[in-house]
Amino acid sequence: MYPEPRTEQGRMQPTECLSLVSISLIFTAVLIVTGCGHKKTPVSPAATAPPVYPSPRSSAEPPATVRSEPPSTGRIPVTAVPEGGVSAEDKEFILAHRPIYTETGEATWYTAPYKGRKSANGQVFSDDALTAAHRTLPMGSLVVVTNLVTRQASAMRISDRGPFVPSKIIDLTQASAKSIGLYRVGTARVQIDVYQTPKPMNVGGRWCVQIGPFTSEGNANRYKEKLLDDYPGSRVIEFPGERSYWVRIRPVGDNRDQAEMMARELRPGEGVAYLTRLD
């Protein structure tokens with residue numbers, strides 16, 4: 001689960017997942033047109049951002065619904081998702097389009113440590129919403145997650161950040177985990193197909209590096225001070241997680257290239273440095 005500073009927030013209600021028949025049709029069509037899709041070679045947590053494409057993708061891909069704006073270090077606005085995570089229009093969109101990006105890896109599921117906890121997108125977290133946490137996909141992205149063991153698949157929206165575990169690429173709510181047969185086993189290898197992103201994947205974005213977990217607040221604060229000395233002009237905070245402490249550094253302008261460089265360079269004594277998108 002994404003340990004968040006108390007200033008970041010989200011809320012939703014339950015909805016249905018896509019039927020297995022519909023999903024089968026989706027992936028049959030995808031296989032016919034694109035083959036089996038590409039798989040990402042496992043990489044370190046610092047290199048999990050979607051690739052930067054040198055030119056615009058095919059016109060068949062859905063356009064971004066929010067214009068890219070110059071990076072800012074201010075508060076990240078709420079990125080609302082449909083009630084319950086996905087809508088009927090989302091399902092129709094998936095049936096009519098091909099994925100614009102695909103990755104594979106290990107998934108798990110999570111729940112909030114307390115009632116009313118807010119997701120990173122700004123809405124109150126709900127176990128019953130078809131949503132998930134991902135470190136680097138734009139907030140609000142529409143995805144289909146397929147359990148590669150059972151072949152069960154479901155549409156969901158990205159509404160949170162995480163998982164902050166090196167071997168995992170996506171964290172599902174209880175509803176999302178149940179919809180693809182992952183809830184009881186706890187973890188499984190999955191394929192993530194991205195169908196729509198409210199903001200571009202290939203340019204812009206507001207980026208940071210999240211480091212942890214630290215076992216004590218003192219250790220986290222000492223690392224925070226080190227980062228302030230090593231990266232002048234960056235914004236660095238320390239905040240508590242669940243039985244742990246974390247440090248987050250936002251480079252000047254929340255610049256992606258700078259955040260990626262930091263994620264490669266940082267070698268904390270405790271924990272791991274995770275490249276993370278804020279918006």
Side-chain angles (χ1 to χ4, degrees), residues 1-4 8-10 12 37 39-40 42-52 64 76 78-82 85-86 90 94 99-112 118-123 125-126 129-148 153-177 179-180 182 187-202 204-210 246 248 256 259-260 263 272-279:
M1 181 178 67
Y2 184 15
E4 278 299 307
E8 297 188 352
Q9 329 228 325
M12 333 164 198
K39 293 186 178 180
K40 290 182 65 179
V43 290
S44 66
T48 57
V52 177
I76 306 299
V78 172
T79 304
V81 301
V86 293
D90 290 336
I94 289 169
I100 59 174
Y101 174 71
T102 297
E103 66 177 323
T104 59
E106 294 293 316
T108 186
W109 66 269
Y110 73 117
T111 187
K118 292 183 177 180
S119 299
N121 76 327
Q123 295 177 294
F125 175 86
S126 171
L130 289 171
T131 58
H134 192 280
R135 290 191 290 268
T136 57
L137 286 176
M139 199 68 74
S141 294
L142 176 62
V143 304
V144 170
V145 179
T146 304
N147 184 330
L148 294 177
S154 179
M156 56 194 74
R157 289 269 182 178
I158 301 301
S159 67
D160 214 350
R161 290 302 177 209
F164 292 98
V165 179
S167 61
K168 303 295 188 293
I169 65 168
I170 192 166
D171 234 351
L172 311 180
T173 61
Q174 290 184 17
S176 295
S179 71
I180 66 166
L182 184 142
T187 185
R189 188 163 181 79
V190 301
Q191 177 171 303
I192 303 170
D193 289 304
V194 181
Y195 280 83
Q196 188 179 47
T197 59
K199 295 183 179 181
M201 286 194 300
N202 55 328
R206 300 171 67 174
W207 297 81
C208 71
V209 181
Q210 188 149 307
W246 293 78
R248 177 182 297 166
R256 173 176 176 159
E260 289 180 337
V272 176
Y274 297 93
L275 178 68
T276 307
R277 181 167 177 156
L278 293 167
D279 62 340

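Just so it is clear, the model here is predicted, and its values are computed rather than measured.
- S141 and T197 get closest at one heavy-atom pair: OG-CG2, 3.3 Å.
- Side-chain contact between R135 and L275: absent, with no pair of heavy atoms (C-beta onward) separated by less than 4.5 Å.
- Between Y274 and W246, the ring-plane angle classifies as tilted under the 30° and 60° cut-offs.
- Remark: side-chain polar atoms of T146 are not paired, donor with acceptor, to backbone N or O of L148 under 3.5 angstrom.
- Of all heavy-atom pairs spanning A273 and V209, the tightest one is CB-CG1, 3.8 Å.
- No side-chain heavy atom of H134 sits less than 4.5 Å from a side-chain heavy atom of V194.
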**OP:** Walk me through it: do M201 and I100 pass the test side chain to side chain contact (heavy atoms under 4.5 Å, CB included)?
**Re:** CA-CA 10 Å; M201 286 194 300; I100 59 174; 4.2 Å; yes
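- Residues T136 and W207 have side chains in contact (heavy-atom distance under 4.5 Å, counting atoms from C-beta outward).
- Residue Y195 comes nearest to V144 through the heavy atom pair CE1-CG2, 3.7 Å, listed as atom of the first residue, atom of the second, then distance.
- The closest side-chain heavy-atom distance from L172 to V190 is not below 4.5 Å.
- Note that CD of E106 is 6.0 Å distant from NZ of K168, once rounded to the nearest 0.5 Å.
- Rounding to the nearest 0.5 Å places CG of N121 at 7.0 Å from CG of D160.
- Scanning for side-chain hydrogen bond (donor to acceptor under 3.5 Å, both in side chains) contacts around T173 gives S176, with sequence neighbours left out.
- Atoms OG and CG, from S179 and L130 in turn, are 5.5 Å apart once rounded to the nearest 0.5 Å.
- You'll find the side chain of R277 stays beyond 4.5 Å of the side chain of C208, heavy atoms only.
- From T102, atom OG1 reaches atom CD of Q191 across 5.5 Å, with rounding to the nearest 0.5 Å.
- Put simply, CZ on F125 and OG1 on T131 are 6.0 Å apart, with the number rounded to the nearest 0.5 Å.
- In terms of heavy atoms, A175 sits closest to A129 at CB-O, 3.8 Å.
- For the pair L137 and V143, the minimum side-chain heavy-atom distance is below 4.5 Å.
- Listed for the T187 side chain is a donor-acceptor partner under 3.5 Å among the backbone atoms of A107.
- Distance check, rounded to the nearest 0.5 Å: OG1 of T108 to CD1 of I170 gives 11.0 Å.
- A donor-acceptor pair under 3.5 Å links the side-chain atoms of D279 to the main chain of R206, judged by distance alone.
- Contact detail for P200 and P138: the closest heavy-atom pair is O-CG, 4.0 Å.
- Considering only residues two or more places apart in sequence or on other chains, D90 meets the side-chain hydrogen bond (donor to acceptor under 3.5 Å, both in side chains) condition with S87, R157.
- Across all non-hydrogen atoms, the minimal contact from S159 to V81 is CB-CG1, 4.3 Å.
- You'll find the side chain of M139 reaches within 4.5 Å of the side chain of R161, heavy atoms only.
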